[in-house]
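These notes are about the structure you will find just below.
Note on naming: letters A, B, ... go to the chains in the order of the sequence lines (proteins, then strands), and numbering restarts at 1 for each one.
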Number of protein chains: 4
Amino acid sequence: MARALSTEKRTLIMEQAKKLFGEAGFAATSVSDVATACELPVGSIYTYFTNKEELVRAIVEEGWNDLRARLHEALATEESIEEKLELLVGTFFPELLADSDLITILLSEAVEFTGLEEKINELVELFEGILMPLIRSRPQFEEYRRSNLEAALMVYFLGTLEAVRITRASSLNVKPEDIIGFLRMTIQNVLGLKLNN
Amino acid sequence: MARALSTEKRTLIMEQAKKLFGEAGFAATSVSDVATACELPVGSIYTYFTNKEELVRAIVEEGWNDLRARLHEALATEESIEEKLELLVGTFFPELLADSDLITILLSEAVEFTGLEEKINELVELFEGILMPLIRSRPQFEEYRRSNLEAALMVYFLGTLEAVRITRASSLNVKPEDIIGFLRMTIQNVLGLKLNN
Amino acid sequence: MARALSTEKRTLIMEQAKKLFGEAGFAATSVSDVATACELPVGSIYTYFTNKEELVRAIVEEGWNDLRARLHEALATEESIEEKLELLVGTFFPELLADSDLITILLSEAVEFTGLEEKINELVELFEGILMPLIRSRPQFEEYRRSNLEAALMVYFLGTLEAVRITRASSLNVKPEDIIGFLRMTIQNVLGLKLNN
Amino acid sequence: MARALSTEKRTLIMEQAKKLFGEAGFAATSVSDVATACELPVGSIYTYFTNKEELVRAIVEEGWNDLRARLHEALATEESIEEKLELLVGTFFPELLADSDLITILLSEAVEFTGLEEKINELVELFEGILMPLIRSRPQFEEYRRSNLEAALMVYFLGTLEAVRITRASSLNVKPEDIIGFLRMTIQNVLGLKLNN
DNA sequence: TATGAATGAGACTTCATTCAT
DNA sequence: TATGAATGAAGTCTCATTCAT
């Protein structure tokens, strides 16, 4: 039998590519760059990925699936709205924000191969599902219901991601913790809930 | 005597390039593409701009300066916080959001040539300047002061821009008006101000 | 003891390769394409054939040998010139023309690996052998004898093959039957023989 | 003003490419090979031709157009069928057959980019136009009319071209003159005309 | 100043063949 | 014997920029 496709090699390629795409950008990183970083011949990249696009797609998809899987698993164990929101703000977002390469890739050029749109949609729907009972039960949220909860959630999510990307390689002194802090505060103030960190 | 460089040509180049960069992306648009769109020889691009980078830089800089100039001029005529905020939310942002090419360019790939960071900083500082008196005067905003007003503003601004970019070529049914609506509502609720549209 | 190479597999490979080489061309068909069409691993191709060239060679050689064997066998049972020619025109050529993949391979690119030249020579000699008695016996064929019977036969044979190849994937409404019809008519008119279909 | 596209360079590229495509085949000749033969950088090939396909296309088209133009011009000055046929057989075909690179290219792999089909069609129609009056006037050609004059002409034309191609790099002692001789003899015998060389 | 052909590095990708398993 | 991952040379093409005219 021939050598089996090496999971390690595949992982190595994805790691190195993610780093390079994140740091230098998708367009600015050549397949050769990736190969060099892996100390692998160029051809090998193509035994693991059909082409450059598939490579980004795989990076994003596997990164996101991983995050989502852990989120849904954790979510299943929590009952109250507060606990669920705390999970998002206390665990999911910190994890996501720590992965600035993934964020940069999600946000930049390759939107077409990256499906940012659908990922955001997913989060929006998840959040809506969590918040709906609350919103329905309180008349003062009427306005949110009528107006665009969707727009609001997009702004918060995308703003959070962008803030991390921009902040990253710049002199700005805003840190992921600050952003998480803001999100937590907003949830508490706007929804009138008390999260217990 | 040498003829002066034609302002018209320069403007034409910037317009066409902005359109192409916005629609297809900076990396995916060649200098020749720009020349073709202008019905101008490639060489001409280089008599007006040192290189491709300078061209984006100019597009972003002039677009932004224009926006900023009009904003500051208008701001000078308004006195109250409410009026100033209304100006931002009722005029500045709608104008900015209408320019989806500029937004796409600001946000994508070319961050390095684009100075998104400093533009956001500028807005943040402007906003802080407007809000500071209010925040100082009301103890319940204490929390905002300590925590990250900066982070908050970045999330709102960048989220707004990203939402427009993502929404643009996608099936999402969120529209610029919805986003503006959300911003206005947020200002009113969070700051306890009444904007009169 | 080592298992013998499977004849079935070898045949399968040759069939699929012939189809692909015929349809898409030798250069445009990769060894992997062949393997895929066979639902066989690439390596298998190389246990049956030294390399891609040997594969074409084998396809052509075996296809041709088969045709020739049947022709010679049949020819042995026929006595008269008329019967022999009828065999060629009524059986051999129709069979050959039905195999458009073989024809395409014989004629295209890979002439070097294909030995078209010698195949044509073979046919020419066979034909000359059949016709010589006739030609010698009739003074009006003098001209043919002096001039180039060889050239004539090459034109007829190669023209027939090319016509089938060209006709194949095109809008031309010439069909193999038409070509056979033309050959039969020509034999009758030029040689003054009556073939009885 | 910039340098004008050099006709000489374009011609040089076409000449070298024609030679290489003719000798080694289209697939076996790389664009780099062409560039090297021209002592030109690879990029330059692409300032004169969109891609490799366009290059063959241009070679074939210009070669064929040239031939055709001269043929039609000459044809216009001839009145009788005999003179017209003599022109074809005495001038056009010899010229075409002398250009074995063109013939090889026309016949091999690149049929798709080469339009052999339409070229043959053109010749067939031209010939039919010349012969029709003759055929209509003589009852013994009835058979030709019903059956496939088209098939016949295709076999003669394609056979002629193929014979030259095959003959070319092989040990066969059939020469273009022999083929032309055969064609002339056939015309005289079949049509009962006397061509005066 | 204006032009656009010229350049050549470098991008992505394919593929025949080998060889570890 | 069977497998199919590994390889790396080579192929086609693009493109920012220069510079002869």
Side-chain angles (χ1 to χ4, degrees), chain A residues 1-7 9-10 26-35 40-55, chain B residues 1-6 9 26-36 39-55, chain C residues 1-6 9 26-36 39-55, chain D residues 1-7 9-10 26-35 40-55:
Chain A
M1 219 192 325
R3 269 155 291 178
L5 267 186
S6 145
T7 307
K9 227 178 257 182
R10 195 187 131 96
F26 177 73
T29 302
S30 74
V31 175
S32 291
D33 291 340
V34 176
L40 239 36
V42 216
S44 287
I45 308 292
Y46 288 88
T47 82
Y48 289 88
F49 301 92
T50 308
N51 52 37
K52 208 184 164 191
E53 291 187 19
E54 278 313 318
L55 177 52
Chain B
M1 216 196 322
R3 238 170 309 162
L5 287 179
S6 144
K9 254 182 220 175
F26 177 72
T29 303
S30 73
V31 176
S32 290
D33 289 341
V34 175
T36 303
E39 297 183 79
L40 237 40
V42 219
S44 284
I45 309 290
Y46 287 86
T47 78
Y48 290 89
F49 302 91
T50 309
N51 53 36
K52 208 183 165 192
E53 293 185 17
E54 278 314 316
L55 177 53
Chain C
M1 217 191 326
R3 239 170 309 162
L5 288 180
S6 145
K9 252 182 222 174
F26 178 71
T29 302
S30 74
V31 175
S32 290
D33 290 341
V34 176
T36 303
E39 297 184 79
L40 235 41
V42 220
S44 285
I45 309 290
Y46 286 87
T47 79
Y48 291 89
F49 302 92
T50 309
N51 53 35
K52 208 184 165 191
E53 293 185 18
E54 278 313 316
L55 177 52
Chain D
M1 219 190 328
R3 270 156 290 178
L5 267 185
S6 145
T7 308
K9 227 178 258 182
R10 196 187 130 96
F26 177 71
T29 303
S30 74
V31 176
S32 290
D33 292 339
V34 176
L40 239 36
V42 215
S44 286
I45 309 293
Y46 288 89
T47 82
Y48 289 88
F49 301 92
T50 309
N51 52 37
K52 209 184 163 191
E53 291 187 19
E54 279 313 318
L55 177 52

Between Ala27(D) and Ala28(B), whichever has its closest DNA chain F nucleotide further toward 5' is Ala27(D)

In whole angstroms, how far is the C1' atom of dG10(E) from the NZ atom of Lys52(A)?
12 Å

Quickly work out the Ile45(C) CD1 to dT18(E) C1' distance and round it to whole Å.
15 Å

Nearest whole angstrom, please: distance from the P of dG4(F) to the CD of Glu39(C).
12 Å

Which residues satisfy the side-chain hydrogen bond (donor to acceptor under 3.5 Å, both in side chains) test with Ser6(A), sequence neighbours excluded?
none

Whole angstrom is fine here: how far is it from CZ in Phe49(C) over to P in dT18(E)?
16 Å

Which residues pass the side-chain hydrogen bond (donor to acceptor under 3.5 Å, both in side chains) test with Ser30(B), sequence neighbours left out?
Asp33(B)

Between dC13(F), dC12(E), dA16(F), which nucleotide gets closest to the side-chain atoms of Tyr46(B)?
dA16(F)

Tell me the interatomic distance from Asn51(D), atom CG, to dC13(F), atom P, rounded to whole angstroms.
5 Å

Quick one: pull up CZ in Phe26(A) and CD in Glu53(A) and give me the separation to the nearest 0.5 Å.
6.0 Å

Interatomic distance where CG belongs to Leu55(C) and C1' belongs to dC15(E) [whole Å]:
15 Å

Could you state the CD-P distance from Glu54(D) to dT12(F), rounded to the nearest angstrom?
15 Å

Closest nucleotide of DNA chain E for Tyr48(D) versus for Glu53(A): which of these residues is on the 5' side?
Tyr48(D)

Nearest nucleotide by nearest heavy atom, which residue falls closer to the 5' end of DNA chain F, Thr50(B) or Phe26(D)?
Phe26(D)

Distance (rounded to the nearest 0.5 Å) between Thr7(A) OG1 and Tyr48(A) OH
8.0 Å

Taking only the side-chain heavy atoms of Val31(D) (C-beta and beyond), determine which of dA5(F), dT18(E), dT12(F) contains the nearest atom.
dT12(F)

At their closest point, which heavy atom of Ala27(C) faces which heavy atom of Ala27(D), and how far apart are they?
CB-CB, 3.6 Å

Can you tell which of dT12(F), dT17(E), dT14(E) lies closest to the side chain of Ser30(D)?
dT12(F)

side-chain hydrogen bond (donor to acceptor under 3.5 Å, both in side chains) with Asn51(C): which residues, sequence neighbours excluded?
none

Closest non-hydrogen atom pair, Thr29(B) against Lys52(B):
O-NZ, 2.9 Å

Which atom pair, heavy atoms only, marks the closest approach of Val42(A) to Ala35(A)?
CA-CB, 3.8 Å

Grab the CZ-C1' distance between Arg10(D) and dA5(E) for me, whole Å please.
15 Å

Determine the minimum heavy-atom distance between Lys9(B) and Leu40(B), stating which atoms define it.
CG-CD2, 4.1 Å

In dot-bracket form, how is DNA chain F paired, counting a Watson-Crick or G-U wobble pair only if both its distances are under 3.5 Å and using | for bases paired to another strand?
.||||||||||||||||||||

Dump every N/O contact between nucleotides 7-9 of chain E and the protein below 3.5 Å, one line per pair.
{"residue": "dT7(E)", "atom": "OP2", "partner": "Ser44(D)", "partner atom": "OG", "Å": "2.9"}

